[in-house]
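Okay, structure first, notes after.
Any value given below was found using the heavy atoms of this structure, including those in side chains, with hydrogens, waters and symmetry copies removed. Below, read A as the first sequence line, B as the second, and so on, with proteins coming before strands; counting in each chain starts at 1.
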Protein chains: 2
Amino acid sequence: MYKTIAKSEKSHKKVMHQIQGLILEGKLKKGDKLPPERQLAELLDVGRPTLKQALSALEALGLIESRHGGGNYVTSDLSNIFNPFTLQYYLAEGKETDIVEFRYLLEVQLARLAAAKATESDISRLAAIVENMKSVESLEERLQVNLAFHRELAHINGNVLILTIYDSILQLVIEQTSLTDGEHFHRSHERILRAIQSGNSSLAGQSMSDHFVAKFPNYQFYDQIHQI
Amino acid sequence: MYKTIAKSEKSHKKVMHQIQGLILEGKLKKGDKLPPERQLAELLDVGRPTLKQALSALEALGLIESRHGGGNYVTSDLSNIFNPFTLQYYLAEGKETDIVEFRYLLEVQLARLAAAKATESDISRLAAIVENMKSVESLEERLQVNLAFHRELAHINGNVLILTIYDSILQLVIEQTSLTDGEHFHRSHERILRAIQSGNSSLAGQSMSDHFVAKFPNYQFYDQIHQI
DNA sequence: GTGGTAAAATGGTAATACCAATTTAGCTAG
DNA sequence: CTAGCTAAATTGGTATTACCATTTTACCAC
């Protein structure tokens with residue numbers, strides 16, 4: 001039971017929610033150009049400053065992009081699931097351990113699930129990625145193929161929310177990757193792949209766990225998780 | 001190597017980042033009142049419309065709150081870790097299954113970790129919550145105490161990021177709670193508590209898993225996880 | 001046709017004025 | 001002197017207007 005939207009919503013918020021709604025409903029799609037501000041303002045029956053408040057809020061949320069002289073465009077970037085500010089907070093406050101730990105929790109479970117859920121085509125895609133790892137040399141390439149592997153695990157799961165959260169986390173830690181040597185790098189992923197192929201969830205989880213221990217040997221939480 | 005901040009950053013974004021920075025550095029804390037807009041605008045050497053663009057963007061991010069006639073206040077609500085828009089998206093698109101599945105992944109692992117990490121004081125706090133469950137009658141109270149239990153698990157873990165993500169998820173699913181009958185409700189949590197007390201990670205995870213199966217019997221993913 | 005240049009379109013910012021809600025101060029009644 | 005009301009001051013909300021900066025478009029010269 002709401003009290004008729006509390007008090008009358010402020011104008012600039014109303015406009016913001018209107019545009020948000022259009023994006024949610026799909027009436028505004030990624031890449032679409034909004035009408036010129038003067039025209040849009042008149043259409044929505046608000047002043048331009050008010051409209052600009054709404055637009056700058058939407059821009060902060062990553063929903064639209066403003067180009068000086070060029071127009072306002074819908075970006076609708078759903079990969080920005082995290083509040084940009086909170087993101088900065090975790091980077092600034094030295095919470096790397098928290099981030100790695102979260103990844104650990106998520107990825108070990110994803111590996112277990114993948115072992116249970118993976119179809120043949122899933123496995124062949126994953127195998128192709130691992131096969132790629134052998135030939136990769138440059139650091140940049142290794143980073144890419146590593147990313148692809150872990151994303152594929154999230155994809156096999158078929159859960160869009162998890163995939164999105166995972167992608168957002170990866171943007172945070174992209175520079176943490178690829179500290180291990182190339183030989184171990186390949187073997188480690190191959191071991192995970194085999195566990196998934198055989199449908200052995202426990203082994204898949206254990207393999208992913210070992211992979212993390214090798215990648216981030218400096219964190220302490222392994223001691224307490226290892227026996228799991 | 002950046003190209004001198006690309007082009008000159010737009011004024012309203014500059015102001016937004018300035019205020020964001022002050023909050024990040026702790027110079028502006030939750031509850032603080034910003035100077036009046038006219039004064040702040042002069043201080044930052046921008047016009048009031050520009051300042052208001054920055055403020056409305058910060059408000060959209062959940063960092064400040066504007067009260068008509070009352071002033072602008074810092075909220076700095078870090079529990080808003082998710083982008084509000086993306087949140088709406090997942091609610092609108094019928095992704096409840098995704099959310100429950102994500103909770104499942106997270107909570108089962110949290111239970112396992114709690115069993116390994118919990119100190120005596122952790123356990124006594126958890127035990128107190130479970131004790132409370134016996135006497136609780138009203139739906140509202142049961143909701144609260146249930147929330148407290150699951151939050152405590154995240155808290156035992158000591159990971160602020162996970163706790164924050166977990167809280168954000170809970171805001172989404174708060175109405176899903178408390179479908180089970182009171183008797184089962186209490187027994188189920190007591191079983192998890194005992195497993196944590198005994199330090200048995202596997203049992204803790206299994207207990208939490210069973211708890212989910214009882215709470216959300218309609219989801220299919222259990223079939224594939226059960227054997228884990 | 002190509003290239004450059006000027007005009008038009010469009011977003012960025014500021015100044016001003018006025019409205020609306022809140023807060024504060026002061027006055028009045030008891 | 002206190003309580004409560006009222007009016008003024010404070011402060012955010014919105015609109016209008018004007019002008020600047022960048023981009024896009026159109027047109028003209030070659």
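Going from atom NZ of A:Lys10 over to atom P of D:dA15 covers 14 Å, rounded to whole Å. When the C1' atom of C:dA21 is taken as reference, atom NE2 of B:His68 falls 5 Å away, rounded to whole Å. Atoms CD (A:Glu65) and P (C:dT10) sit 17 Å apart, rounded to a whole Å. With rounding to whole Å, B:His12 atom NE2 is found 6 Å from C:dT13 atom P. Between the CD atom of B:Glu9 and the P atom of D:dA21 there is a distance of 18 Å, rounded to whole Å. Per the geometry, CD1 belonging to B:Ile64 stands 11 Å off C1' belonging to D:dG12, to the nearest Å. Here D:dG13 presents its C1' atom at 12 Å from NZ of A:Lys13, a figure rounded to the nearest Å.
For the side chain to side chain contact (heavy atoms under 4.5 Å, CB included) test, residues two or more places apart in sequence or in another chain that qualify with B:Ala118 are B:Asp122, B:Ile123, B:Ile156, B:Ile196. When the side chain to side chain contact (heavy atoms under 4.5 Å, CB included) test is applied to B:Lys27, the partners found at least two apart in sequence or on another chain are B:Leu22, B:Glu25. Every residue two or more places apart in sequence or in another chain was checked for a side chain to side chain donor-acceptor pair (under 3.5 Å) with B:Arg38, and none qualifies.
Checked by atom type, the side-chain pair A:Glu65/A:Asn72 shows no donor-acceptor distance below 3.5 Å.
For the segment residues 39-57 of chain A, the set of residues with a heavy atom within less than 4.0 Å of an atom of DNA chain C comprises A:Arg48, A:Lys52, in numerical order.
Using a 4.0 Å cut-off between charged nitrogen and carboxylate oxygen, B:Arg48 and B:Glu37 count as a salt-bridge pair. Of the charged side-chain nitrogens involved, at least one lies within less than 4.0 Å of a carboxylate oxygen, so that B:Lys117 and A:Glu101 count as a salt-bridged pair.
Each of B:Glu37 and A:Gly69 was assigned the nucleotide of DNA chain D with the nearest heavy atom; the assignment lying further toward the 5' end belongs to B:Glu37.
The side chain of A:Ser66 contributes no N or O atom lying less than 4.0 Å from OP1 or OP2 of C:dG11. The phosphate of D:dT11 (OP1 or OP2) has no side-chain N or O of B:Asn72 nearer than 4.0 angstrom. The phosphate of C:dT13 has OP1 or OP2 within less than 4.0 Å of a side-chain N or O from B:Ser11.
Within the structure, the side-chain hydrogen bond (donor to acceptor under 3.5 Å, both in side chains) test picks out the following pairs touching residues 53-63 of chain A (sequence neighbours left out): A:Glu59-B:Lys13.
Listed nucleotides: D:dG13, C:dG12, D:dT14. Nearest to the side chain of A:Arg38: C:dG12.
A:Arg67 comes within 4.0 angstrom of sugar-phosphate atoms only, judged by non-hydrogen atoms across all strands, and of no base.
The closest donor-acceptor contact from the side chain of A:Lys52 to the backbone of A:Gly47 lies at 3.5 Å or more, if one exists at all.
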Between the protein and nucleotides 4-7 of chain C, are there any N/O to N/O pairs under 3.5 Å, and if so, what are the atom names and distances?
none

Show, in sequence, the C-alpha distance, side-chain angles and deciding distance for B:His155 and B:His150, and conclude whether the ring-ring contact (aromatic ring centres under 6.0 Å, His included) test is met.
CA-CA 9 Å; B:His155 183 250; B:His150 292 269; over 10 Å; no
